[in-house]
Enquirer: 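Let me give you the structure first, and then I'll get to my questions.
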Amino acid sequence: MSKSLFRISSKYLEAENFERELEAKIGVKHAICVNSGTSALQCCLAALNIGPGDEVIVPAYTYMATANAVLAVGAIPVLAEVNETQTIDVADVEKKISKYTKAVIPVHLNGHPCDLDSLKALCDPRGIKIIEDSCQADGGSYKGQRLGTIGAAGAFSFNYFKIISAGEGGAVLTNDDTYYERALIYHDTGTAYRPYAEAMTEPFFSSYNMRTNEIAAAVLREQLKRLDGILEDLRRVKAEIAAGVKLNAGVHLTPSNDPEGDCCTHLGLIFDDADRAAAFAAEVGGLCLINSKKHIYINWDPMLNRLGGHTEAMNPYLDPANADLNKEINPDTCPVTLDILRRSVNISMNPDWTAEEVAEKIAKINAALGA
């Protein structure tokens, strides 16, 4: 066991071992462990050579970091509606595509897989790349393939709120050798001096420090062993609760693009009436999604105020290369998303709930529904 905390100088690399184990577990050629999910998204964007002059379509319902990552590389995020699955609406993505569209970031929010078949059918013929934001869906899948491995690149997050965690952390996933090398360079400004540098073919460019450390990686190695068991328990708990809930007129369960691959971190209900949704959430202790402020575009002040950088010269909204791009973002940009969120409630699932706790949750939900 190495006593070094720095991944580069350690003789027995916890981080390198975690990357190889993550590749095997998820079924992807390359994985890079980084310091956050946001950093992982930035690495993916840089790997695909996205920057000023490019538009990247993102859902209007996601953590603000998805859009911030686009701005961080100098590009412009363009908002698309979500549908009742809480994921990006492919029909609206088609409406938002322009000659400047370089990529789409589908976000598997709340563990729900996006409709990747429809998105690929739309994007692939147009040469538009897909970057999967799987930060809330570590280990989930879509039609038998792990999320984060289906697009050109994918991002995981391992912060405190995620399915597996080291407090903070993230990972870049890709099957493309060039994207891997570019992401490797972007995440470590010292890549040119590393032992593996001589085997690389991509030119070294000025970059950043987004590395993980050996302690976080050691924690993640143990967490990764638990991933499938956590997902199995989450799916069991959600299935038991969903089966026990007595739905009545005016409410239905949130649909899923792949129920078997869904991470089942949440049980979602959609009401016909926003007031009823809010009252239900207050009674059961769930979250009416319109109140998830940091995940809704109408609360993304940096974008609403066109403050995409810390100086004017670093602000993509003011960059002449982006002059003709779609920079529209205001409270009326995605009305369908807002309507769905006002009527939607999510109840967090816990993989450690006992049979008694599951029964109590079912009873509480049914009482709030008036069943």
Side-chain angles (χ1 to χ4, degrees), residues 1-54 69-70 72-75 102-103 127 129-132 134-135 138 146 148-158 166 168-224:
M1 183 79 177
S2 170
K3 295 182 180 180
S4 172
L5 305 184
F6 182 46
R7 70 163 296 177
I8 304 302
S9 63
S10 173
K11 182 179 179 181
Y12 302 102
L13 298 177
E14 295 293 328
E16 184 173 321
N17 286 333
F18 171 71
E19 288 166 348
R20 304 294 84 79
E21 290 159 5
L22 182 63
E23 290 164 356
K25 171 68 72 176
I26 301 300
V28 71
K29 188 174 182 181
H30 300 294
I32 305 171
C33 191
V34 296
N35 59 3
S36 73
T38 305
S39 294
L41 285 170
Q42 288 179 226
C43 288
C44 290
L45 290 157
L48 273 63
N49 203 34
I50 292 172
D54 297 327
V70 177
V73 298
K102 191 76 170 283
K129 301 300 183 183
I130 295 173
I131 298 172
E132 293 179 73
S134 304
C135 291
D138 302 337
R146 298 274 195 174
T149 71
I150 299 169
F156 277 1
S157 173
F158 307 124
E168 287 283 5
V172 179
L173 309 171
T174 186
N175 288 302
D176 186 281
D177 294 344
T178 298
Y179 297 160
Y180 167 69
E181 287 195 4
R182 288 182 58 82
L184 197 65
I185 295 167
Y186 190 84
H187 104 288
D188 177 13
T189 193
T191 301
Y193 311 113
R194 306 307 178 207
Y196 44 77
E198 291 185 5
M200 296 176 65
T201 59
E202 284 296 296
F204 299 106
F205 51 84
S206 180
S207 57
Y208 303 90
N209 279 332
M210 300 176 173
R211 297 183 301 264
T212 189
N213 60 73
E214 290 289 87
I215 292 178
V219 171
L220 286 170
R221 292 187 70 192
E222 294 304 309
Q223 288 276 294
L224 188 62

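Count residues from 1 along the sequence. Predicted, not measured: the structure shown is a model, and the values here were computed from it.
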Enquirer: How many angstroms lie between atom OH of Tyr180 and atom CE of Met200, to the nearest 0.5 angstrom?
Expert: 7.5 Å
Enquirer: Above 12 or not: heavy atoms from other molecules or residues under 6.0 Å from OH of Tyr193?
Expert: no
Enquirer: How close do Cys43 and Met210 get, heavy atom to heavy atom, and via which atoms?
Expert: SG-SD, 3.9 Å
Enquirer: Given side chains that start at C-beta, do those of Ile32 and Asp188 come closer than 4.5 Å, heavy atoms only?
Expert: no
Enquirer: Do Phe158 and Val219 come close enough that some side-chain heavy atom pair is under 4.5 Å?
Expert: no
Enquirer: Where do Gly154 and Cys44 come nearest, in terms of heavy atoms and distance?
Expert: O-SG, 3.4 Å
Enquirer: Hey, what do you get for CD (Glu14) to CD1 (Ile215), rounding to the nearest 0.5 Å?
Expert: 10.5 Å
Enquirer: So which heavy atom on Asp54 is nearest to which on Asn49, and how close?
Expert: OD2-O, 3.9 Å
Enquirer: Within the 4.5 Å heavy-atom criterion, are Leu48 and Lys102 side-chain neighbours or not?
Expert: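 No, side chains not in contact.
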Enquirer: Could you state the interatomic distance from CD (Glu181) to OG1 (Thr174), rounded to the nearest 0.5 Å?
Expert: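 Atom-to-atom, Glu181:CD and Thr174:OG1 are 11.5 Å apart.
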Enquirer: Would Cys33 and Leu220 satisfy side chain to side chain contact (heavy atoms under 4.5 Å, CB included), going step by step from the backbone distance to the final call?
Expert: CA-CA 10 Å; Cys33 191; Leu220 286 170; 4.0 Å; yes
Enquirer: With side chain to side chain contact (heavy atoms under 4.5 Å, CB included) as the test, would you mind laying out the steps for His30 and Val172 before giving the verdict?
Expert: CA-CA 8 Å; His30 300 294; Val172 179; over 6 Å; no
Enquirer: For Arg146 and Leu173, run side chain to side chain contact (heavy atoms under 4.5 Å, CB included): C-alpha distance rounded to whole Å, both residues' side-chain angles, the deciding distance at 0.1 Å, then the answer.
Expert: CA-CA 11 Å; Arg146 298 274 195 174; Leu173 309 171; over 6 Å; no
Enquirer: Applying side chain to side chain contact (heavy atoms under 4.5 Å, CB included), run through Thr212 and Phe18 and close with a yes or a no.
Expert: CA-CA 11 Å; Thr212 189; Phe18 171 71; over 6 Å; no
Enquirer: Quick one: sort the Phe205 and Tyr186 rings into parallel, tilted or perpendicular, breaks at 30° and 60°.
Expert: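 Aromatic pair Phe205/Tyr186 classed tilted.
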Enquirer: State the CZ-CD distance between Arg20 and Glu23, to the nearest 0.5 angstrom.
Expert: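 Going from the CZ atom of Arg20 to the CD atom of Glu23 covers 4.0 Å.
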Enquirer: Return the minimal non-hydrogen interatomic distance between Glu202 and Thr178, and the atom names on each side.
Expert: OE2-CG2, 3.5 Å
Enquirer: Roughly how far, to the nearest 0.5 Å, is CD1 of Ile185 from CZ of Phe204?
Expert: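 Phe204 atom CZ to Ile185 atom CD1 measures 5.5 Å (nearest 0.5 Å).
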Enquirer: Do His187 and Asn35 have side-chain atoms, one donor and one acceptor, less than 3.5 Å apart?
Expert: no
Enquirer: Identify the heavy atoms of Ala46 and Val73 that sit nearest to each other, and give their distance.
Expert: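 Closest approach of Ala46 to Val73, heavy atoms only: N-CG1, 4.4 Å.
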Enquirer: Locate the shortest heavy-atom distance separating Gly37 from Ser157; write the atom from each residue and the value.
Expert: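 It is CA-CB, 3.9 Å.
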Enquirer: Would you compute the distance between atom CD1 of Ile131 and atom CD of Gln42 and round it to the nearest 0.5 angstrom?
Expert: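 Ile131 CD1 to Gln42 CD: 11.5 Å, rounded to 0.5 Å.
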Enquirer: Between Arg221 and Ala217, is there a donor-acceptor pair closer than 3.5 Å when you use the side chain of the first and the backbone of the second?
Expert: no
Enquirer: When you measure from the side chain of Thr191 to the backbone N and O of Leu184, does any donor-acceptor pair fall under 3.5 Å?
Expert: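 Answer holds: yes.
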